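Each chain gets a letter, A, B and so on, in the order the sequences are listed, and its residues count up from 1. None of these values were measured; they are calculated from a predicted model.
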Amino acid sequence: MLRDGTGKIQAFLKRDNMDEDIFAAIQATSRESTISITGIVAQKRPPNVAEGDPIPDPEFEISVTEGTILAVADAPLPVGVTDDVNVGLDIRLDNRHLDLRRSHVNAMFLLRSKVLEYGRVHLLSEGFQEINSPKIIAAAAEGGTNLFPMKYFDTDAYLSQSPQLYKQLAVLGGLERVFEIGPAFRAEKHDTYRHLNEFISFDIEGAWMDDEDVMGVQERMINFIWTEITENDMNLIDEINKYRISQDKEPVTVEIPSIPFPRVSYCEAIEIVKNGGGDIEWGDDIESHHCDIIAEKFPGFHFIPRWPMSMKPFYIHHKIEEKSENGGQLSRGFDLNYGRDEMTSGGQREHRVDILEGNLIDMGLDPKDFTFYTDGFRYGAPPHSGWGLGVARLLMILTGAGNVREVVLFPRDRSRVTP
RNA sequence: GCCCCGAUGGUGUAGUGGCCUAUCAUGCAGCCCUGUCGAGGCUGCGACCCGGGUUCAAAUCCCGGUCGGGGCGCCA
């Protein structure tokens, strides 16, 4: 059996058709060795089937006349490419180059490429342009998460944890609608199925748009991706499902999510969690176990808009008249969840520099420490909004992967920096 | 950072104090057969994470280490 990037086909060897030495060499070579063959493509002899059973579609094979062994594979293989045995994720990742040869793994990465392609196509169609922002930065672009420090010649620098500031500066500069697909680095010691220390973030930012506008962009983009996959790429889903069925796992289905996605405001979400028996109060974060309760009612994509301002970063916009029933200030920040998992966080940004500085003070921060951010807003700024989406998390939904590591080529987590 | 769990041939596993010179599958080696088609048959190869301890006896119990898994926090 031969396999290359485009599929697999059986090569039929017969002593009479070829040189005896070549026949013996190919017969004797190890699994996964790389060979080149010359031969005639022919329809296979039909298999014997029991009476009454349908005759399968004709298949093709190559009747080999010549061949060369290009590279011999060592044996045994550290991970079986065609073996029936299940292999642990850690061993697979140590040998990712072999793991990728497994057809369902290969299919997952083809699908990943398609998701990025369709996302791009859709954003371009809505007038967004692709940008690239620096990943080496001098200071935090966004509060909260820990940064990886690095040496930049003689000064200290960090790996960027978000393109947030730079995509905003691009919008302020008049690029109006921008998006970026790029890496983000977070020095958090988390260890879960949905976190990595390096991940690819799908980010957009648009001028003259509010939070509702960019939620619209997002749901249309996701709807477009799902639609295109349904129309063009079900062969990849089938390949994944063939494997899943062999492992007694439920096959994945691709159901195009209808738009608009439900909006479950933060205040409603709190009520749902409370009514579902969760211990939560207005002003608390909605934690994973709370999301489980919400997901019972909203198992698919759903937005959670209008978080309390106190829980969102200083750069999120708020309208002073938008308060909760208990008088708490609401914001224009939102999340997009799928079931229990957070896919996106975004919102309308604060474009007024005096309010930006007021937000910092309200949060107990010193505006002097954030001039790298606020200085960009001193010369006029349009209202604008945006979001960041975890690409691997989206892929988890489509592929049924239980871990983001499955859909990231060479994942970087707390305990893995190789290969 | 917190809580829980695990480590047996290359890979995935069975085994909870003596029945283990350790199970099964896959793999590997050799042979036979074969238009077989991720084939079939036979024979063989290959493992109890490391260091201490308890015990007449440890894969199995205890302690420490290393590595890994799951959950939480935080987030995308």
Atom C1', compared across B:C2 and B:U60: separation rounded to whole Å: 30 Å
Considering every strand and a 4.0 Å limit on heavy-atom distances, what is the contact class for A:I91: base, sugar-phosphate, or nothing? sugar-phosphate
Base, sugar-phosphate, or nothing for A:V87, non-hydrogen atoms under 4.0 angstrom? sugar-phosphate
Go through B:G73, B:C37, B:G71 for me and flag the one nearest to the A:Y193 side chain. B:G71
Scan A:R405 against the nucleic acid and name what it touches under 4.0 Å (heavy atoms): base, sugar-phosphate only, or nothing. nothing
Rounded distance (Å) that lies between atom C1' of B:G27 and atom CG of A:D74: 14 Å
Could you tell me whether A:T192 contacts a base, only the sugar-phosphate backbone, or nothing, with contacts defined as non-hydrogen atoms closer than 4.0 Å? base
What would the secondary structure line of RNA chain B be in dot-bracket form, counting Watson-Crick and G-U wobble pairs under 3.5 Å, with [ ] for pairs that cross earlier ones and | for pairs with another strand? (((((((..(((.....[.....)))((((((.......))))))...(((((..]....))))))))))))....
For A:S385, all residues meeting side-chain hydrogen bond (donor to acceptor under 3.5 Å, both in side chains), sequence neighbours excluded: none
Select base, sugar-phosphate, or nothing to describe what A:N403 touches, counting heavy atoms under 4.0 Å on all strands. sugar-phosphate
RNA chain B: A:S30 or A:G88, which has the more 5' nearest nucleotide? A:G88
Indicate the atoms forming the closest heavy-atom contact of A:G67 with A:I26, along with that distance. CA-CD1, 4.2 Å
Scan A:R194 against the nucleic acid and name what it touches under 4.0 Å (heavy atoms): base, sugar-phosphate only, or nothing. base
Quick check: on RNA chain B, is the nucleotide nearest A:R416 upstream (toward 5') of the one nearest A:G388, or the reverse? Name the residue that is more 5'. A:R416
Looking only at atom P, what distance separates B:A39 and B:G51, rounded to whole Å? 41 Å
Between B:G17 and B:C42, how many Å separate the two P atoms, rounded to a whole number? 35 Å
All pairs passing side chain to side chain donor-acceptor pair (under 3.5 Å) where residues 291-305 of chain A contributes a residue, at least two apart: A:D292-A:R340
Only one of A:N241, A:I229, A:L110 forms a side-chain contact (heavy atoms from CB on, under 4.5 Å) with A:L236, so which one is it? A:L110
Between B:U36, B:G27, B:C74, spot the one nearest the side chain of A:R31, thanks. B:G27
Closest non-hydrogen atoms of A:I293 and A:G276, given as atom of the first, atom of the second and distance, are CG2-CA, 3.9 Å
With C1' as the reference atom in both, quote the distance from B:U8 to B:C48 in angstrom, rounded to an integer. 4 Å
Between A:R220 and A:S125, is there a side-chain donor-acceptor contact under 3.5 Å, judged purely by atom types and distance? no
Does B:A76 have OP1 or OP2 under 4.0 Å away from a side-chain N or O of A:T344? no
With rounding to the closest Å, how many angstrom separate the P atoms on B:C4 and B:A76? 29 Å
What interatomic distance, in whole Å, is found between C1' of B:U26 and the corresponding atom of B:C20? 22 Å
Scan A:F202 against the nucleic acid and name what it touches under 4.0 Å (heavy atoms): base, sugar-phosphate only, or nothing. nothing
Under 4.0 angstrom, heavy atoms only, what part of the nucleic acid is A:R414 near: base, sugar-phosphate, or nothing? base
Scan A:D341 against the nucleic acid and name what it touches under 4.0 Å (heavy atoms): base, sugar-phosphate only, or nothing. nothing
Please report the distance separating the P of B:U23 from the corresponding atom of B:G18, rounded so that it comes out in whole Å. 16 Å
Do the rings of A:F224 and A:Y118 sit parallel, tilted or perpendicular, given the 30° and 60° boundaries? perpendicular
For A:S201, report the nucleic acid contact type (base, sugar-phosphate, nothing); a contact means any heavy atom under 4.0 Å. nothing
Nearest whole Å is fine: how far is B:C4 P from A:H289 NE2? 18 Å
